[in-house]
There are 4 protein chains.
Amino acid sequence: MSEGAVGRKRGRYAATDAKRESIVTAARAVFEREGLDGASLRAIAAEAGYTPAALYFHFDSKEALYAEVLGRSIAALQEAVDGAVAAAGTPADHFRAAALAFFDFYAANPRDLDLGFYLFRGGMRPHGLGRERDKALNDALEATLAPIRNAAQALGADPALADLIMTDAFAHASGVLLLAHTQRIRMFGTSPRALMERHVETELDRLLRR
Amino acid sequence: MSEGAVGRKRGRYAATDAKRESIVTAARAVFEREGLDGASLRAIAAEAGYTPAALYFHFDSKEALYAEVLGRSIAALQEAVDGAVAAAGTPADHFRAAALAFFDFYAANPRDLDLGFYLFRGGMRPHGLGRERDKALNDALEATLAPIRNAAQALGADPALADLIMTDAFAHASGVLLLAHTQRIRMFGTSPRALMERHVETELDRLLRR
Amino acid sequence: MSEGAVGRKRGRYAATDAKRESIVTAARAVFEREGLDGASLRAIAAEAGYTPAALYFHFDSKEALYAEVLGRSIAALQEAVDGAVAAAGTPADHFRAAALAFFDFYAANPRDLDLGFYLFRGGMRPHGLGRERDKALNDALEATLAPIRNAAQALGADPALADLIMTDAFAHASGVLLLAHTQRIRMFGTSPRALMERHVETELDRLLRR
Amino acid sequence: MSEGAVGRKRGRYAATDAKRESIVTAARAVFEREGLDGASLRAIAAEAGYTPAALYFHFDSKEALYAEVLGRSIAALQEAVDGAVAAAGTPADHFRAAALAFFDFYAANPRDLDLGFYLFRGGMRPHGLGRERDKALNDALEATLAPIRNAAQALGADPALADLIMTDAFAHASGVLLLAHTQRIRMFGTSPRALMERHVETELDRLLRR
DNA sequence: TATGAATGAGTATTCATTCAT
DNA sequence: TATGAATGAATACTCATTCAT
């Protein structure tokens with residue numbers, strides 16, 4: 001649907017779009033191989049079978065390309081979350097579905113996790129995507145979490161509590177994914193997903209007990 | 001104590017140590033000013049009043065210097081956690097103290113958080129610190145969390161559960177800190193610490209209810 | 001009249017000429033905005049509402065376009081000089097008119113001065129306009145000065161002296177314009193035109209005194 | 001004496017200075033060969049037998065190198081003018097000496113003329129040397145002309161007139177040199193120097209006649 | 001006549017690192 | 001122990017130009 005439309009230049013011809021596509025694919029491949037920092041324009045161009053200069057016909061800058069890749073990643077996440085929620089029955093299931101779909105998406109696509117964390121890099125200093133793009137992507141990411149909040153409200157939480165629960169779920173998912181992805185901390189046989197489920201069920205308990 | 005020993009080359013002369021010290025201090029200052037990515041060896045050398053080449057007498061590489069700074073950061077964290085735990089009374093307080101001291105340390109020292117996350121950067125790929133250094137730092141970081149596990153056990157958790165609880169606390173703290181630090185997600189008036197406290201109290205409830 | 005003919009390719013269709021015209025206009029606008037060095041083909045094309053590639057149907061190269069713009073500039077100068085001379089009465093007035101019209105044209109149109117100096121750039125080395133174009137433009141520029149020589153002859157100077165006077169007037173005008181245009185040398189309240197008038201009157205004095 | 005001191009970094013060792021020297025020499029050579037615009041850092045480095053990066057040890061930037069070369073050129077001009085004036089007897093000779101030495105310097109060293117004109121390039125827009133450097137060089141160039149003004153005053157001109165005469169001499173010299181250097185205008189057997197002498201003698205006549 | 005796409009050479013500058021002294 | 005000097009590889013990006021369509 002709306003995937004990747006951000007930053008498109010003209011997009012009138014299908015041929016053009018196919019090439020954009022191939023560049024974005026190449027970019028993802030390089031990000032995966034070299035890490036986000038190590039992914040230079042020349043490397044991406046080489047991967048795509050182009051000259052660096054050629055990329056500038058399709059993207060205004062390196063950061064525009066980054067933004068496109070990131071945007072698509074978030075769009076795919078949104079789709080995954082929406083799909084899971086749509087398939088869920090009760091409000092409690094909505095909650096589970098939204099939170100776990102978010103988690104599962106990143107657990108299953110670790111390179112998307114890297115991309116997502118890219119947004120967070122460098123402390124609070126802006127890091128090159130540009131104010132507007134940054135905000136757009138941030139908003140898109142936040143939109144991804146809305147189903148969690150909605151489910152919480154459907155389960156009786158007032159708006160403030162629903163926000164808190166959503167934020168907490170996001171934080172927990174991020175933390176667990178970070179640990180799991182980097183294998184920095186031994187998990188002692190516990191699976192990352194079990195950790196996430198534990199958090200979700202605890203929240204549900206609390207909501208239902210009221 | 002022996003905190004600075006990681007990566008030390010000879011360490012025979014006090015004078016040498018003082019210089020190492022001044023370089024590490026300079027490095028931290030530059031990290032603070034320019035961020036981790038923006039901190040070049042030349043900048044650190046200049047800050048320390050040296051030539052870039054001079055640093056190589058004290059550190060094998062840029063990454064060795066990073067590792068030293070990181071090591072000290074973790075040592076300071078350890079100290080903070082130990083101090084808080086020592087001052088706590090009941091086992092429940094031990095648990096609170098350990099988890100919140102960890103959180104508070106990073107909340108109060110965002111640059112140390114950047115340093116900590118540096119370890120995690122780049123997914124699972126080796127990222128420059130080197131296998132050995134990496135393991136040493138990882139172990140040091142894990143040691144920092146031991147008081148949480150110990151408190152959980154003192155509260156009746158079996159070893160496996162204690163590990164899980166410790167991991168979960170670590171994950172939650174990491175996630176909340178990430179959000180708070182990067183201000184990427186609006187917190188809607190909820191303070192990050194409240195989020196962390198909520199997690200801690202939930203775990204305590206569960207432990208005490210048994 | 002035939003001013004635009006230099007470097008024309010086919011010139012069969014009026015439509016084509018109108019487009020050439022619009023490109024030349026765009027080029028002047030960009031020169032004005034960005035300076036001669038900063039004016040890229042792409043910028044000119046964009047200003048004209050074309051693709052860079054499209055310009056190559058109208059001009060063989062960037063330098064050909066430069067040459068066209070320059071040619072028109074010199075044609076406009078010629079017109080200005082001719083007009084001024086035609087309106088002058090006595091031979092002395094002819095002399096004044098020719099020299100000052102030359103000066104005034106460039107004083108009033110600093111961008112044309114930049115264009116004129118472009119011809120002179122880079123010492124004696126060939127600099128991109130190509131031998132033929134270069135010669136044509138040079139001759140056109142020289143033709144612009146003929147009225148000065150003619151007036152000098154009308155005032156009694158022999159051909160050699162008339163040439164010298166013409167050359168000297170050109171040199172003086174160029175020098176004063178250079179100073180005035182670049183504001184590199186403080187003029188201490190003296191107006192550039194006063195400097196030029198001083199030169200002209202001195203020459204006239206000398207001619208009339210004979 | 002003071003040649004080239006502008007922009008020096010440390011200059012404690014003779015060896016360093018010799019290398020600076022060789023780079024400046026290489027830069028001059030490249031300027032001569034390729035023109036000022038075509039002179040890239042890499043070209044200069046190659047000419048000097050260095051890697052581009054090596055130049056940055058000796059000069060902060062390309063523009064700093066440009067400025068150094070330009071500064072030396074002006075310093076040499078100053079020396080030439082001072083020497084000529086010192087050797088002159090009467091005030092009238094001072095005037096002749098100052099004006100003609102200026103002219104002769106550039107007539108004899110056309111590449112210095114190119115360098116000098118570089119300062120004037122690009123209309124009034126700043127062109128990269130930076131405000132301070134620009135001003136310093138400009139002042140140095142102006143100082144070069146002071147002997148002309150002083151001689152005019154010694155011959156009875158009031159300060160304002162002396163300034164005007166100095167400016168006029170500069171303008172005339174610039175114009176004639178421009179013509180002669182670029183051979184853009186046929187000189188019809190008249191030598192450029194004759195043109196300059198004519199100007200000088202005219203001014204002297206006027207001054208002495210008072 | 002015009003375009004979208006692509007190229008290849010070019011730009012200044014930064015970086016961690018090495019080495020003779 | 002420290003320095004001055006140098007390197008080679010890398011960076012994102014711009015340019016005039018070409019060519020198939």
Side-chain angles (χ1 to χ4, degrees), chain A residues 9-13 15-16 19-20 37-45 48-65 128, chain B residues 10 13 15-16 19 37-45 48-65 128, chain C residues 10 13 15-16 19 37-45 48-65 128, chain D residues 9-13 15-16 19-20 37-45 48-65 128:
Chain A
K9 279 171 101 170
R10 271 182 287 276
R12 257 179 301 169
Y13 301 151
T16 299
K19 277 164 192 170
R20 269 182 82 88
D37 280 356
S40 66
L41 251 207
R42 11 170 42 127
I44 294 170
Y50 287 112
T51 281
L55 299 206
Y56 284 88
F57 185 80
H58 302 280
F59 298 92
D60 286 339
S61 68
K62 187 197 177 189
E63 302 304 338
L65 173 52
Chain B
R10 272 183 292 276
Y13 304 133
T16 299
K19 281 168 189 171
D37 281 0
S40 64
L41 249 209
R42 15 174 38 135
I44 294 170
Y50 286 109
T51 279
L55 299 204
Y56 284 86
F57 286 95
H58 301 282
F59 299 92
D60 288 340
S61 68
K62 192 196 177 191
E63 301 304 336
L65 174 53
Chain C
R10 271 183 293 275
Y13 303 132
T16 300
K19 280 166 190 173
D37 281 359
S40 64
L41 248 209
R42 18 179 32 139
I44 294 170
Y50 286 109
T51 279
L55 300 204
Y56 284 86
F57 286 94
H58 301 282
F59 299 93
D60 287 340
S61 69
K62 192 195 176 190
E63 300 305 337
L65 174 52
Chain D
K9 278 172 102 172
R10 270 182 287 275
R12 256 179 302 171
Y13 300 151
T16 299
K19 276 162 192 170
R20 270 182 81 88
D37 280 357
S40 67
L41 251 208
R42 12 171 39 128
I44 294 169
Y50 287 112
T51 280
L55 299 206
Y56 283 86
F57 184 80
H58 301 280
F59 298 92
D60 286 340
S61 68
K62 187 195 177 192
E63 303 305 337
L65 174 53

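Remember, it's a predicted structure, so these values are computed and weren't measured experimentally. A note on names: the letters A, B, ... follow the listed sequences, proteins ahead of strands, and every chain is numbered from 1.
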Scan nucleotides 14-21 of chain F nucleotide by nucleotide, 5' to 3', and note B when protein non-hydrogen atoms come under 4.0 Å of the base, S if they reach only the sugar-phosphate, - if neither.
BBSBBB--

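- Toward the 5′ end of DNA chain E lies the nearest nucleotide of C:T51, the other residue of the pair C:T51 and A:A54 mapping further downstream.
- The interatomic distance linking D:H58 (NE2) with F:dA6 (C1') rounds to 8 Å, in whole Å.
- No side-chain heavy atom of D:F57 sits under 4.5 Å from any side-chain heavy atom of D:K19.
- Here the side chain of C:T51 pairs no donor or acceptor atom with the backbone of C:A54 at under 3.5 angstrom.
- Between the OH atom of A:Y50 and the P atom of E:dA9 there is a distance of 20 Å, rounded to whole Å.
- The two atoms that bring A:K62 and A:A39 nearest to each other are CE-O, 3.5 Å, heavy atoms only.
- Looking only at side-chain heavy atoms (C-beta outward), C:L41 and C:Y56 come within less than 4.5 Å of each other.
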Annotated structure of DNA chain F as dot-bracket, pair cut-off 3.5 Å, Watson-Crick or G-U only, | for inter-strand, is .||||||||||||||||||||

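- Atoms CG and CD1, from C:L55 and C:I44 in turn, are 7.5 Å apart once rounded to the nearest 0.5 Å.
- D:L55 places its CG atom 14 Å from the P atom of F:dG8, with the value rounded to the nearest Å.
- Spacing between atom CD1 of A:I44 and atom C1' of F:dC13 amounts to 14 Å, rounded to whole angstrom units.
- If you take NZ of A:K19 and C1' of E:dG4, they are 8 Å apart, rounded to a whole angstrom.
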